[in-house]
Structures are given as structure tokens and as C-alpha cells.
Amino acid sequence: MTASTNPRRILVAVAWPYANGSLHLGHMAGAYLPADIFARYHRLAGNDVLMVSGSDQHGTPVTVRADNEGRTAQDVVDQFHPEFLRYWSELGISFDLFTTTGTKNHEAVVHEMFLALLKKGYIYKGTTQQFFDTEAGRFLPDRYVEGTCPNCGYEKARGDQCDNCGRTLDPEQLLNPKSKLTGATPEMRDTEHFFFKLSAFGPQLLEWLKSREGWRKHVQNYSIGWVEEGLHDRAITRDLEWGISIPVEDLGPGKRIYVWFEAFIGYLSAAKEWSEQQGDPEAWRKWWEDAAAETYYFIGKDNIFFHTIFWPAVLMGYEGLNLPTNVPANQYVTFKGEKASKSEGIGDSVLSYLERYQPDMIRYGLAANLPETSDTDMTEAEMVRRNNDELVATWGNLVNRVLAMTAKNFDGRVPTPGALDDADQRIIDGATKVLAEVAAHIESAHLKAGLASAMSFAQEANAYLSEKEPWKTAKTDLERTGTTLFVALTAINALKVAFYPYLPFASANIHTYLGANGVLQDFGWDATPLEPGTALREAAPLFRKIDLEAEGAARASA
RNA sequence: GGCAGCGUAGCUCAGAGGUUAGAGCAACCGGCUCAUAAUCGGUAGGUCGUUGGUUCGAUUCCAACCGCUGCUACCA
């Protein structure tokens with residue numbers, strides 16, 4: 001409806017989770033929820049959004065779990081990929097496609113890109129030395145080598161780092177190195193690999209990074225600092241059996257493409273896969289090749305290097321595909337001051353939250369405290385508090401009280417307003433203003449601020465009701481009461497849109513309660529004026545108030 | 001060790017070279033009763049991590065230090 005005549009094309013690229021375990025709320029807050037809020041806003045604003053990601057099947061974490069449990073890597077993937085799909089469906093994370101890196105399509109796209117870069121001379125062959133476990137018959141990643149730290153003498157230092165003194169290490173520095181797989185003493189062997197000529201892109205990357213505007217400073221400064229230190233070429237193949245094959249024979253068997261070199265190519269292959277599914281195999285080009293298209297990568301802070309340096313360099317080398325418009329990487333959510341853990345408390349699997357709470361409650365709790373500029377701390381009690389004091393009390397109650405009064409005094413129909421006074425007009429204007437404000441915040445990836453703007457207008461609307469006291473005027477002046485409720489309904493009608501990216505389930509309900517037909521998504525990012533006389537539908541409270549102690553008791557006795 | 005981000009009210013977080021530093025919650029006082037004992041108004045609460053420096057003026061800029069987090073190139 002408001003779909004502009006010239007819709008922007010927005011690619012929302014979201015981190016690929018390793019299919020090696022359940023996700024926790026920190027993952028949601030770090031990447032998936034922000035991406036979804038951003039995507040939902042842009043769709044409603046009439047832009048062409050393509051939101052993609054998928055399970056990362058490859059990489060060490062998946063094989064580690066498989067080894068530990070005596071299963072195949074594929075078996076592990078087959079367990080967690082469906083679980084991820086459940087999160088998205090139940091939490092309302094609206095991917096256009098959530099695929100995996102195990103598809104034929106992905107392999108083909110990776111091969112094509114590899115060969116193109118090889119042909120251009122950005123990929124070359126080289127030899128390195130690496131520890132080899134003769135008992136296991138395989139090369140060992142640095143992490144798989146354990147030994148005594150040459151710096152502090154700690155005996156369980158890993159090949160990449162000593163956990164005791166924090167020193168970064170090379171595995172050959174370890175005294176008395178042992179394989180973590182078998183305990184055997186590994187030997188150094190030559191191994192041949194392909195390298196990506198990252199060093200060739202330093203100046204180009206630096207110029208690009210310095211010219212970015214609107215990026216978060218921790219993302220931009222960090223990236224610039226890294227490039228300024230000087231870029232080294234990186235091996236993009238590994239001595240592994242699990243992963244994407246190398247499209248040339250040169251290296252012999254037992255080698256695969258490095259997981260990170262192919263994972264980010266997934267953003268492109270997923271777009272292509274989606275296009276195939278749409279019956280329009282060339283559709284992806286509109287997001288990847290048209291320079292006017294915008295690309296946003298939603299990731300956690302640990303992935304910044306890959307998205308602001310490595311992937312852009314690959315794209316620069318390949319040529320013809322869009323570089324990131326912005327990479328609004330988030331910091332971490334900690335739980336009671338500690339980094340999210342998969343084993344306890346709020347760091348529990350997302351599913352355990354979905355069992356107890358409404359998805360909008362979870363979305364609100366996370367969105368209100370997103371780690372946009374620094375790590376944020378969260379507890380279950382704080383999420384419940386926000387639900388009760390903000391979501392239920394301010395927003396849910398506003399909707400409920402206005403609809404109830406309208407049902408009671410106006411037979412459940414939108415009243416016809418009389419003359420508007422200043423207070424009325426302020427709210428009517430505010431309804432338009434809040435949509436503009438929230439939009440501006442979301443556009444600049446200040447999602448927390450967008451939510452705060454919406455909530456703040458809900459408070460204004462509550463204050464307006466206190467001032468107008470429609471429950472009193474209902475006894476004396478029905479026209480005045482009608483005007484008040486009409487104005488309040490107008491505010492709610494706008495807020496349902498403003499809150500939609502954050503609370504899609506509740507907004508869909510409000511849309512229905514307000515007597516509108518069709519789905520909210522088709523009405524655009526504006527407040528379609530309410531038609532006096534429209535019949536409202538029977539409403540139920542939007543959010544459930546939570547008594548944490550009672551819930552705790554129920555859970556304890558369950 | 002190096003690099004980056006952060007350190008602001010009891011709690012969770014905003015903010016900015018300059019009139020009395022903000023929000024929500026918690027506390028206290030008052031109003032209202034339409035609403036999921038929800039709401040509205042008000043009061044109180046901070047030497048803005050520490051120490052120096054630049055400046056007419058810094059909590060905001062700079063330096064050092066302390067603390068937290070991440071990265072440090074074969075974990076991704």
C-alpha cells in the first residue's frame with residue numbers, strides 16, 4: 001500500500017550458526033532477532049527484502065561433537081538443523097531462506113568462486129608445516145595440540161593459546177607437545193594448501209573501511225586497526241575429510257575447503273537457492289549485482305574480521321558483487337555477568353524459553369537490552385520484570401483499556417471524533433511522528449532506541465488518557481468521550497505498526513482487534529486512519545503477566 | 001604483551017566540549033479507578049572507573065593507570 005514506487009532492495013545476511021549444538025538467548029540477541037527486526041521493518045516500509053542464512057555444517061565444532069559422541073558429522077547436523085528451524089518458526093524469525101552449507105548448490109557456488117579467484121591469481125598453492133598425529137593418521141589443528149607453555153609453564157596450554165597466561169602461541173613453541181586426540185607426540189610434516197592473497201587487498205580495504213559512514217565504532221575501528229597492522233595471506237584449505245571439496249585435483253586427497261572460506265559464500269549461494277525456489281533463477285542479481293542494493297550483515301562481535309575484511313576482500317577479488325553496506329555487529333549478552341553458557345540458567349536453550357514464555361515476551365526482553373555498543377547483562381528476572389512492567393503494564397494495558405472502554409461506551413465501534421483540542425492534536429501528530437522516529441532508528445541499526453521510542457509514545461498515550469479521563473466523561477459528554485477514544489485508537493493503530501518489527505504476534509492481533517481486514521503486513525509503514533463506525537473485534541489481553549515465583553514453584557514440582 | 005570496545009543513579013541501560021547529566025525499574029509522597037492491583041503526577045537518588053593534561057569551561061577531548069569483554073591471523 002505504501003510500497004514506494006521505487007522500493008529499495010535490502011539483503012539481510014545473518015550469521016550461519018554451527019550445527020553443533022542448541023542456540024541460547026545470546027545468539028538470538030546477537031544476530032537473529034536484530035536481523036529479523038530490521039527485515040520486518042523494511043518489508044513493511046515497502047522495500048524488497050531478502051533475508052538469508054543457514055546452518056553451517058562444516059568446521060571443527062561439528063566434527064568435535066561427532067567424534068566425542070561416536071556419531072557422524074552428518075548425524076549431528078541432522079539433529080540441530082531442524083532444531084534451528086523450530087526457533088525461527090516459533091520466535092517469528094522471518095527468514096526468506098534458511099538453508100545449509102551442505103547443498104549441491106552451495107558446493108557449486110563455492111567452486112565457481114574458488115575457480116574464478118584462482119584464475120585471477122588471488123588463490124595460489126603453498127606449503128606449510130603442521131603437526132601430524134601418526135596414530136590418528138591426520139593433521140592436527142593448533143587447538144588439538146596440547147603441551148607446556150614456554151611462557152608460564154602451564155602444562156595444558158593449547159597450540160593456539162595458553163589459557164593460563166593468555167599468551168598467543170604457535171604449536172611448535174609448546175614444550176612436550178601431545179595430540180589431544182590420541183595423546184601421541186605429533187610430528188611436524190609438510191602439507192600443501194591453497195592460500196588466498198589477502199595481502200593484495202590491504203590498501204583497497206583500508207580506503208573502503210575508512211570511507212564507511214554510520215558504522216558502529218567498535219566495528220570500524222577494529223577493522224581499520226587490523227588492516228593497518230598488515231594483512232597476511234590465509235590458507236583456505238584444511239587437512240580434513242569433512243567439508244566442501246576443492247574443485248581442482250592438485251592437492252590430492254584428504255583436503256577440504258576451509259569452513260570460513262565457504263561459509264560466507266553461503267550468503268550468495270543462499271540467495272541463488274532462494275531464486276531457484278521462486279522460479280526466477282536470476283532474481284538474486286537484484287540484491288548482489290545492482291549497486292543500488294543494500295547489504296546488511298547481522299553477526300556477533302567475534303565474527304567481525306570475516307565480514308569486514310576477509311569476505312569483502314574475496315568480493316573485491318571476484319568483482320561484480322556488492323560489498324557490505326553495514327555490518328552492525330553486536331557485542332555479547334552476559335547472564336548474571338557471565339558469558340552465555342549452554343548449560344545453565346538463562347543461557348539455556350532457546351527451546352526451554354519457548355516452552356514457558358510467549359515469543360513476543362522473549363523478543364521484547366532481548367530487544368529492549370540489545371548489546372549494540374557494549375556487552376549487556378540479562379537475567380530471567382529482568383526479562384520477566386520488563387514483561388510485567390513495560391510490555392503488559394504500558395503497552396498491553398493501553399490497548400486493553402481503550403478497547404474495553406470503546407466496547408462498553410460505543411458498542412464496539414470506532415467513535416466519530418468531534419473537534420480536536422491541542423491535547424488531541426498532539427497525540428494525532430505524535431502517531432505520525434513515532435513512526436518516523438522508529439523508522440529512523442531502525443534504518444541506522446539503533447534497534448533498541450526504536451523500541452524505546454515506541455514505548456515512550458505508549459506512555460504518552462496513557463498520560464493523555466489520564467488527562468482526558470474518558471471513564472468520567474462517558475457519564476456526562478459522550479461526544480468528548482468519543483473524541484478521546486478515537487484519538488487513543490489512532491495512537492494504538494500507529495503503535496501496532498511501530499511495534500510490529502519487535503512484537504509481530506501482538507501487532508497481528510491488534511490489527512484484527514481494530515477491525516481491519518487482511519494482514520498488517522499489507523498496510524505498510526504508516527497508520528492508515530481509522531474509519532469511524534468500523535466494528536472492532538473482541539479482544540483478549542495481548543501479553544500474559546508472569547509471576548516468577550509461582551512459575552519457579554510450578555517448575556520445581558514438575 | 002598488542003589492538004578494539006566498554007566502565008554514567010541501588011539495578012539494567014541512554015547521552016553529550018558548555019544553561020540545574022537522562023530513561024525504565026526499585027524507594028518515597030500524592031491523584032485516578034476505564035484497564036491484566038494496571039495507570040498518571042511528583043520527590044529523592046550520581047564528585048559520569050582513578051590520576052594527570054588541553055581548554056574560559058570536561059563527565060564528554062588527550063595521556064597514563066585500574067577493571068570488564070572480544071580479537072590477536074590454524075576456533076570460527
Report task. Report the residue (A:Arg234 or A:Leu465) whose heavy-atom-nearest nucleotide on RNA chain B is the more 5′ of the two. Result -> A:Leu465
Query - Closest-nucleotide ordering on RNA chain B, the 5'-leading residue of A:Lys475 and A:Glu382 - result: A:Glu382
Can you tell whether the side chains of [X] and [Y] come within less than 4.0 Å, N to carboxylate O?
X	Y	answer
A:Asp421	A:Arg426	no
A:Asp477	A:Lys472	no
A:Lys475	A:Glu469	no

Whole angstroms only, please: what is the [atom1]-[atom2] distance between [X] and [N]?
X	N	atom1	atom2	result
A:Asp302	B:A73	CG	P	15 Å
A:Asn409	B:C34	CG	C1'	8 Å
A:Asn388	B:U39	CG	P	10 Å
A:Gln173	B:G1	CD	P	17 Å
A:Glu229	B:A4	CD	P	9 Å
A:Asn221	B:C71	CG	C1'	14 Å
A:Glu228	B:A73	CD	C1'	17 Å
A:Asn303	B:U72	CG	P	10 Å

Tell me what [X] touches on the nucleic acid: a base, only sugar-phosphate, or nothing, going by heavy atoms under 4.0 Å.
X	answer
A:Phe305	nothing
A:Pro541	base
A:Leu542	base
A:Gly365	nothing
A:Val259	sugar-phosphate
A:Phe306	base

Checking side-chain polar atoms at under 3.5 Å, does [X] have a donor or acceptor matched by the opposite partner on [Y]?
X	Y	result
A:Tyr357	A:Asn387	no
A:Asp233	A:Tyr124	yes
A:Asn330	A:Arg216	yes
A:Thr100	A:His81	no
A:His106	A:Glu262	yes

**Report entry** Under 4.0 angstrom between A:Lys217 side-chain N/O and B:C6 OP1 or OP2
**Finding:** yes
**Report entry** A:Asn400 side-chain N/O to B:C34 phosphate OP1/OP2 under 4.0 Å
**Finding:** no
I want to verify a distance call: between [options], whose nearest atom is closest to the [X] side chain?
X	options	result
A:Asp375	B:G24, B:G5, B:U69	B:U69
A:Asp389	B:G5, B:A73, B:C25	B:C25
A:Asn369	B:U33, B:U36, B:U12	B:U12
A:Leu231	B:A73, B:U36, B:U39	B:A73
A:Tyr222	B:U69, B:G70, B:C34	B:G70
A:Glu390	B:G5, B:G24, B:U33	B:G24

Query raised in the report: Can the positive tip of A:Arg537 be found less than 6.0 Å from the middle of the six-membered ring of A:Tyr513, inside 45° of the ring normal?
Result: no
Query raised in the report: Under 6.0 Å from the six-membered ring centre of A:Tyr332 and within 45° of its axis: does the NZ or CZ of A:Lys301 meet both?
Result: yes
Requested in this report: Fit a plane to each ring of A:Phe132 and A:Phe139, take the angle between them on a 0 to 90° scale, and name the class: parallel (under 30°), tilted (30 to 60°) or perpendicular (over 60°).
Outcome: perpendicular
Pairs: protein N or O with nucleotides 40-45 of chain B N or O, under 3.5 Å:
residue : atom : partner  : partner atom : Å
B:C40   : O4'  : A:Ser466 : OG           : 2.8

Query raised in the report: If every non-hydrogen atom of A:Ala461 is compared with every non-hydrogen atom of A:Ala491, which pair is closest and at what distance?
Result: CB-CB, 4.3 Å
Report task. Mind listing the closest non-hydrogen atom pair of A:His193 and A:Thr191 along with its distance? Result -> NE2-OG1, 3.3 Å
Query - Sole candidate of A:Lys255, A:Arg189, A:Arg256 that passes salt bridge (charged side-chain N to carboxylate O under 4.0 Å, His left out) when paired with A:Asp239 - result: A:Lys255
[atom1] spacing across the pair [N] / [M], given as an integer number of angstrom:
N	M	atom1	value
B:G10	B:G5	P	27 Å
B:A27	B:A21	P	26 Å
B:C28	B:U19	C1'	29 Å
B:A63	B:C6	P	14 Å
B:U8	B:C48	C1'	4 Å
B:C75	B:C13	P	31 Å
B:A4	B:C25	P	38 Å
B:C65	B:G18	C1'	28 Å

Query raised in the report: Taking N and O atoms by type only, does the side chain of A:Asn397 place a donor or acceptor under 3.5 Å from a partner on the base of B:A35?
Result: yes
Requested in this report: Let me have RNA chain B in dot-bracket notation, would you? Count Watson-Crick plus G-U wobble pairs, both distances under 3.5 Å, and use [ ] for pairs crossing earlier ones and | for inter-strand partners.
Outcome: (((((((..((((....[...)))).(((((.......))))).....(((((..]....))))))))))))....
Report task. May I have the step-by-step check of side chain to side chain contact (heavy atoms under 4.5 Å, CB included) for A:Val219 and A:Arg212, ending in yes or no? Result -> CA-CA 11 Å; A:Val219 175; A:Arg212 295 307 88 200; over 6 Å; no
Distances under 3.5 Å between protein N/O atoms and the N/O atoms of nucleotides 14-17 of chain B, please, pair by pair.
residue : atom : partner  : partner atom : Å
B:A14   : OP1  : A:Thr373 : OG1          : 3.2
B:A14   : OP1  : A:Lys448 : NZ           : 2.8

Query raised in the report: Any stacking of A:His218 on B:A4, going by centres under 5.5 angstrom and planes within less than 30 degrees?
Result: no
